[in-house]
Amino acid sequence: MATLLSVKALKVWFSLRGGFLSGPADEIKAVDDVSFDIEEGKTLGLVGESGSGKSTVARALLKLIPVTGGEVYYREREILSLREAAFRPLRKEMQMIFQDPFGSLNPRMTVEEIIAEPLRIHFRHLDKAGRRDTAAALLERVGLPQQSMWRYPHEFSGGQRQRIGIARALAVQPKFLICDEPVSALDVSVQAQIINLLKDLQEQFKLTYLFIAHDLAVVEHMSDEIIVMNRGKIVERGTPAQVCGSPQHDYTRKLLAAVPKL
């Protein structure tokens with residue numbers, strides 16, 4: 001299986017500026033020397049508590065924040081050094097599903113407009129009718145009726161809003177999806193529905209996932225490989241059976257102990 005994404009020694013450090021007499025600025029090493037590969041069609045689970053650096057990794061991969069050091073290769077092409085004009089065509093191949101399905105949807109836009117917006121940017125050959133047909137098909141694929149197109153985000157439940165967010169991400173036919181805590185804001189029963197939907201979509205569209213969460217049980221169910229992060233560094237990695245069945249690091253054991261027992 002070919003490697004779709006390769007991350008080498010990624011560093012994201014933030015400076016804390018002090019006052020005039022406070023001396024040199026302190027640095028927060030949000031991500032420090034992180035490396036991993038994701039094979040095409042597979043899911044890499046990235047797990048850790050809030051502040052571990054996992055969401056910073058996601059934003060760095062999409063060039064949403066400055067990077068201190070390291071390299072990221074997408075289909076063997078280094079992307080961090082690309083200017084925005086050169087990287088823009090790759091944005092439709094690399095999409096993100098956000099944690100907060102309400103906060104990531106424009107409340108002033110209908111669902112049709114939300115899904116059509118990336119189509120208007122990346123598929124300019126589509127006219128309004130074509131964008132509407134695409135939106136309708138995507139809504140059905142994520143389990144929502146076509147009539148949802150004319151409604152607004154506040155008219156939907158949290159799980160339904162996340163389905164809309166997934167439809168929007170799929171609109172530009174991506175190959176790589178970063179799922180940044182996509183179920184953490186949802187009820188447990190709805191979490192299972194969204195996870196099963198993501199797995200079905202991955203099989204249908206041959207998608208590659210970076211799946212980020214703080215819940216090891218969720219990551220175990222989704223992933224082919226798991227990386228555990230703490231304080232910006234990778235502390236453990238392996239298959240779900242290795243990481244969850246025989247954890248080697250105390251921090252991983254702590255995360256497992258926090259998983260609710262059914």
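Bear in mind the structure is a predicted one, so any value in this text is a computation, not a measurement.
- Looking only at side-chain heavy atoms (C-beta outward), Leu10 and Thr68 stay at 4.5 Å or farther from each other.
- No donor-acceptor distance shorter than 3.5 angstrom exists from the side chain of Arg237 to the backbone of Ile226, with no hydrogens or angles considered.
- Judged by a 6.0 Å distance limit and a 45° cone about the ring axis, Lys63 is positioned over the six-membered ring of Phe87.
- When atom types are taken as modelled, the side chain of Gln242 and the backbone of Thr239 share a donor-acceptor pair closer than 3.5 angstrom.
- For the pair Leu44/Tyr209, no side-chain contact is recorded, criterion being any heavy-atom separation below 4.5 Å from C-beta on.
- For Val218, the side-chain contact (heavy atoms from CB on, under 4.5 Å) test picks out Val183, Gln191, Ile195, Phe211, Asp215, with sequence neighbours left out.
- In this structure a side-chain-to-backbone donor-acceptor pair under 3.5 Å is missing from Ser148 to Leu144.
- Take Asp250 and apply the side-chain hydrogen bond (donor to acceptor under 3.5 Å, both in side chains) test, not counting sequence neighbours, and it matches Arg253.
- By the 4.5 Å heavy-atom criterion applied to side chains, Lys175 and Lys206 are not counted as neighbours.
- A donor-acceptor distance shorter than 3.5 angstrom exists from the side chain of Glu78 to the backbone of Ser81, with no hydrogens or angles considered.
- Salt-bridge formation is detected for the pair Glu49/Lys254: a Lys NZ or Arg NE/NH1/NH2 atom is positioned less than 4.0 Å from an Asp or Glu carboxylate oxygen.
- The salt bridge (Lys or Arg N to Asp or Glu O under 4.0 Å) search around Glu39 returns none, not counting sequence neighbours.
- With sequence neighbours left out, the side-chain hydrogen bond (donor to acceptor under 3.5 Å, both in side chains) criterion links Asp187 to no other residue.
- In this structure, Phe123 shares a hydrophobic cluster with Leu119, Leu126, Val172, the cluster being traced through Ile, Leu, Val, Met, Phe, Trp and Tyr side chains under 4.5 angstrom apart.
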Would you tabulate the side-chain donor-acceptor contacts of residues 91-99 under 3.5 Å, counting partners in other chains and residues two or more places apart, or write 'none'?
unit_1 : atom_1 : unit_2 : atom_2 : d
Arg91  : NE     : Glu84  : OE2    : 3.1
Arg91  : NH1    : Leu62  : O      : 2.9
Arg91  : NH2    : Glu84  : OE1    : 3.1
Glu93  : OE1    : Tyr74  : OH     : 2.6
Gln95  : NE2    : Arg91  : O      : 2.7
Gln99  : NE2    : Ser184 : OG     : 3.1

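- In this structure, the side-chain contact (heavy atoms from CB on, under 4.5 Å) partners of Ala9, at least two apart in sequence or on a different chain, are Lys11, Asp33, Ser35.
- With sequence neighbours left out, the side-chain contact (heavy atoms from CB on, under 4.5 Å) criterion links Lys128 to Arg131, Arg132.
- The side-chain contact (heavy atoms from CB on, under 4.5 Å) test applied to Glu113 returns Met109, Thr110, not counting sequence neighbours.
- Residues Thr3 and Asp37 bring no donor and acceptor atom of their side chains to less than 3.5 Å of each other.
- Sorted by first and then second residue, the pairs that involve residues 147-162 and meet salt bridge (charged side-chain N to carboxylate O under 4.0 Å, His left out), not counting sequence neighbours, are Arg151-Glu155.
- The side-chain hydrogen bond (donor to acceptor under 3.5 Å, both in side chains) search around Ser50 returns none, not counting sequence neighbours.
- Within the 3.5 Å criterion, the main-chain N or O of Asp200 finds no donor-acceptor partner in the side chain of Glu203.
- Using modelled atom types, no side-chain atom of Glu236 and backbone atom of Ile234 make a donor-acceptor pair closer than 3.5 Å.
- Looking at heavy atoms from C-beta onward, Val111 lies out of side-chain contact with Arg168 at the 4.5 angstrom threshold.
- Within the structure, every pair that satisfies the side-chain hydrogen bond (donor to acceptor under 3.5 Å, both in side chains) test and touches residues 221-235, not counting sequence neighbours, is listed here: Asp32-Lys233.
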